[in-house]
Amino acid sequence: MILLAPTLAESQVSPCDATAQPPTTSVTYYVSTGGDDDNDGQTEQTPWRTLEYAEANATAPGARIALKRGDVFEKATALGIHHGGTPGAPIVWDGDFWGTGDKATIRSSSDREAPEKAVVNIIGASHIVFQNIVVDGNGTNAFGIVIGGTDSYYSQGGYQDSETDIIVQNNSILNCGDENDDYVIAVLIQPWNTDMSNIIFRDNVVDTTSNHGVTAYVGRAIHGATPSMLHNVQMTRNTVTNFGINGDGRATGMSFSQSVIDGIIECNTITQGPESVDGPGIALAGNEDGTPQNAIIRYNDIRMGDKPAMVVQNGYAPSATIYGNLVYQEAALGNAAIWIQIAPGVGYTDGEVTAQLDFLHNTIVVDQGNTFMDDSSTPGVTVFRNNLVVNKGSAMYGDSC
């Protein structure tokens with residue numbers, strides 16, 4: 001039986017219209033570039049100076065670590081967030097609580113190598129809110145925000161271990177890498193040793209990165225990871241643009257790869273942007289270590305130039321419901337606005353499991369080229385129903401499906 005996606009009337013509240021509730025905190029610690037780590041950090045007049053000192057000392061559940069507005073924390077090393085709170089009492093990092101001017105900025109001051117590869121690495125800790133902060137890669141080869149990730153690669157002493165209940169919201173993640181850097185991601189969510197769960201990335205701006213904008217990419221055995229699962233990751237109401245600026249073929253605006261279970265990509269605005277030279281807007285990808293299962297991709301506004309709005313890659317066996325999206329692609333020549341790709345020797349099956357991809361109630365518009373292309377060779381992979389398809393191209397460059 002095919003289950004149709006719920007209408008807004010049935011679900012009552014659109015996630016696109018919801019607003020995040022501010023977390024509850026019990027004590028505030030102040031941090032400023034003009035402070036002193038010998039202060040007590042408990043008033044605006046006696047702030048601490050360094051982010052590392054605050055991370056090591058503001059460890060009580062419910063603590064707010066308040067970075068002063070207008071301050072720019074220049075760093076050549078990663079901010080490793082290794083302390084978390086408890087259920088209902090997260091540790092909150094906030095760059096918009098006190099002071100004047102723009103939100104506080106954490107800025108990379110130089111190119112990075114392991115174990116300092118990220119600007120911010122949340123790892124080995126749970127129950128954390130990271131909000132209202134500008135994370136500026138400054139054109140260096142630094143990843144912006146990494147949740148989990150390879151041990152002692154993105155921050156010194158970081159060890160990935162069952163992270164859960166982490167919220168990253170209302171931030172700007174900018175300028176991660178440049179057109180010459182080999183591989184840099186703005187936001188990476190990655191189990192490496194153990195399962196992770198309940199990761200929310202919402203209401204953020206991601207602009208300009210060498211490769212992926214935001215990706216949930218579960219670590220692979222061939223890279224040294226213990227293949228694990230990422231449960232309940234949500235990417236909601238974000239704006240992502242100018243990804244894939246190095247053009248090396250490894251880029252997406254947003255993506256789920258390997259064993260991302262019950263993930264949601266919703267209400268995002270994703271544009272190719274004038275600096276993008278490679279990568280689809282949204283991608284699902286699997287391999288022998290796992291495939292995304294039960295993904296929901298809904299209510300996104302995806303505007304692309306010559307790259308696909310959405311692809312399903314590698315030909316393994318994901319399952320997803322894609323509904324209510326607005327898709328536009330200027331030139332879908334040699335690809336398609338929505339493209340189910342094939343890989344040699346892979347037929348969208350995993351043992352007795354066959355991929356199930358339901359495309360329902362989407363609006364798909366292209367100026368020229370292909371609107372929807374299904375290259376899978378396995379019967380029954382896709383359901384394409386109740387979509388509005390508009391193709392403005394000529395007969396040669398105007399295939400609807």
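This chain uses plain numbering: 1 for the first residue, then up along the sequence. Everything quoted here is computed from the prediction, not taken from an experiment.
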request  = Specify whether F384 and F372 have parallel, tilted or perpendicular ring planes, treating 30° as the upper limit for parallel and 60° as the lower limit for perpendicular.
outcome  = tilted
task = Answer yes or no: is there a side-chain heavy-atom contact under 4.5 Å between I364 and M310?
result = no
inquiry  = Test your reading of the model: is there a side-chain donor-acceptor pair from Q272 to the backbone of I302, 3.5 Å cut-off?
reply    = no
request  = Verify whether one side chain among N121 and S155 offers a donor that lies under 3.5 Å from an acceptor in the other.
outcome  = yes
message = Going by side-chain contact (heavy atoms from CB on, under 4.5 Å), F201 matches just one of I167, I166, N268, V206. Which one?
response = V206
message = Is it the case that the side chains of N211 and D248 hold a donor-acceptor pair, with the cut-off being a distance below 3.5 Å and no angle test?
response = yes
inquiry  = Hydrogens and angles aside, do T236 and E266 bring a side-chain donor and acceptor to less than 3.5 Å of each other?
reply    = yes
ask   = For the residue pair W98 and Y30, does the interplanar ring angle fall in the parallel (under 30°), tilted (30 to 60°) or perpendicular (over 60°) class?
value = perpendicular
inquiry  = So which atom in I123 and which in G148 form the shortest heavy-atom distance, rounded to 0.1 Å?
reply    = CD1-O, 3.5 Å
inquiry  = For Y299 and Y323: C-alpha separation, side-chain torsions, deciding distance, then whether ring pair (Phe, Tyr, Trp, His ring centres under 6.0 Å) applies.
reply    = CA-CA 7 Å; Y299 312 141; Y323 66 92; 5.6 Å; yes
task = Check V240, I322, I265 against N300 for a side-chain contact (heavy atoms from CB on, under 4.5 Å) and give me the one that passes.
result = I265
ask   = Given H82 and E55, is the side chain to side chain donor-acceptor pair (under 3.5 Å) satisfied, shown in steps?
value = CA-CA 8 Å; H82 303 156; E55 200 283 329; 5.2 Å; no
inquiry  = Closer than 3.5 angstrom, by distance alone: can the side chain of N386 be matched with the main-chain N or O of L360 as a donor-acceptor pair?
reply    = no
remark   = Exactly one of D306, N370, N335 clears side chain to side chain donor-acceptor pair (under 3.5 Å) with Q329, and that residue is N335
Any donor-acceptor N or O pair under 3.5 Å, side chains T271, T241 = yes
request  = Test I65 against D94 for side chain to side chain contact (heavy atoms under 4.5 Å, CB included), laying out the working first.
outcome  = CA-CA 6 Å; I65 300 173; D94 196 333; over 6 Å; no
query = Does a side chain donor of either Q234 or N198 reach within less than 3.5 Å of an acceptor in the other side chain?
reply = no
message = Any heavy-atom pair between the side chains of I81 and V120 that's under 4.5 Å?
response = yes
ask   = Which atom names give the shortest non-hydrogen contact between W339 and P308, and what distance separates them?
value = CE3-CG, 4.1 Å
message = A side-chain contact here means heavy atoms from C-beta on lying under 4.5 Å apart; do D195 and S162 qualify?
response = no
ask   = Just wondering, do M254 and N238 contact through their side chains at under 4.5 Å, heavy atoms?
value = yes
inquiry  = Is there a side chain to side chain contact (heavy atoms under 4.5 Å, CB included) between F73 and V31? Walk through the geometry before answering.
reply    = CA-CA 10 Å; F73 296 84; V31 189; 4.0 Å; yes
task = For the pair W48 and Y53, name the ring-plane relationship: parallel under 30°, tilted 30 to 60°, perpendicular over 60°.
result = perpendicular
ask   = Is there side-chain contact between R220 and P227, with at least one heavy-atom pair below 4.5 Å?
value = no
ask   = Taking atom types as modelled, is there a side-chain donor on N193 or T226 under 3.5 Å from an acceptor on the other?
value = no
message = Restricting to non-hydrogen atoms, name the atom on I122 and the atom on V168 that form the minimum distance, rounded to 0.1 Å.
response = CD1-CG2, 4.3 Å
ask   = Under a 4.5 Å cut-off applied to non-hydrogen side-chain atoms, are V383 and D358 in contact?
value = yes
task = Scan side-chain atoms only and decide if R303 and Y328 contain a donor-acceptor pair under the 3.5 Å cut-off.
result = no
inquiry  = Looking only at side-chain N and O atoms, does Q356 offer a donor or acceptor that is under 3.5 Å from a partner on T354?
reply    = no
message = Side chains of T140 and N138: any donor to acceptor distance under 3.5 Å?
response = no
query = How far does CD of E288 sit from CG of D350, to the nearest 0.5 angstrom?
reply = 10.5 Å
task = Answer yes if the side chains of T194 and Q160 hold a donor-acceptor pair under 3.5 Å, and no otherwise.
result = yes
message = Let me confirm one number: the CD1-OG distance from I342 to S377, rounded to the nearest 0.5 Å.
response = 6.5 Å
key: Sidechain-backbone polar pair: N287 side chain, D289 backbone, donor-acceptor under 3.5 Å   = yes
query = Does any N or O in the side chain of K117 come within less than 3.5 Å of the main-chain N or O of N141, such that one atom is a donor and the other an acceptor?
reply = yes
message = Whether the S126 and D165 side chains hold a donor-acceptor pair (N or O, under 3.5 Å, no angle test) is what I'd like checked.
response = no
query = What class does the angle between the rings of Y183 and F143 fall in, given that below 30° is parallel, 30 to 60° is tilted and above 60° is perpendicular?
reply = perpendicular
ask   = Side-chain donor-acceptor pair under 3.5 Å between D375 and Q341, yes or no?
value = no
ask   = Counting N and O atoms only, with roles assigned by atom type, does the side chain of Q258 sit under 3.5 Å from a partner on the main chain of V218, one being a donor and the other an acceptor?
value = yes
remark   = Heavy-atom nearest pair, A332 first then A337, reads CB-N, 4.0 Å
Distance-only side-chain donor-acceptor flag, D40 / T46, under 3.5 Å = yes
task = Examine the side chains of H212 and T252 and answer whether a donor and an acceptor come within less than 3.5 Å of each other.
result = yes
request  = State, to 0.1 Å, how close A216 and L230 come at their nearest heavy-atom pair, and which atoms those are.
outcome  = CB-CD2, 3.6 Å
ask   = Taking C-beta and beyond as the side chain, do N57 and T59 meet within less than 4.5 Å on heavy atoms?
value = no
request  = Please report the C-alpha distance between L51 and K75 in whole Å, then the side-chain angles of each, then the deciding distance to 0.1 Å, and finally whether the side chain to side chain contact (heavy atoms under 4.5 Å, CB included) criterion is met.
outcome  = CA-CA 10 Å; L51 304 178; K75 292 182 57 58; 3.8 Å; yes
note = The residue among D102, D96, N132 that forms side-chain contact (heavy atoms from CB on, under 4.5 Å) with R69 is D96
query = With a 3.5 Å cut-off and no angle check, do the side chains of T239 and T269 form a donor-acceptor pair?
reply = no
ask   = Distance only, no hydrogens: is a donor on one side chain within 3.5 Å (strictly under) of an acceptor on the other, for D71 and S32?
value = yes
inquiry  = Is any side-chain heavy atom of M373 closer than 4.5 Å to one of I340?
reply    = no
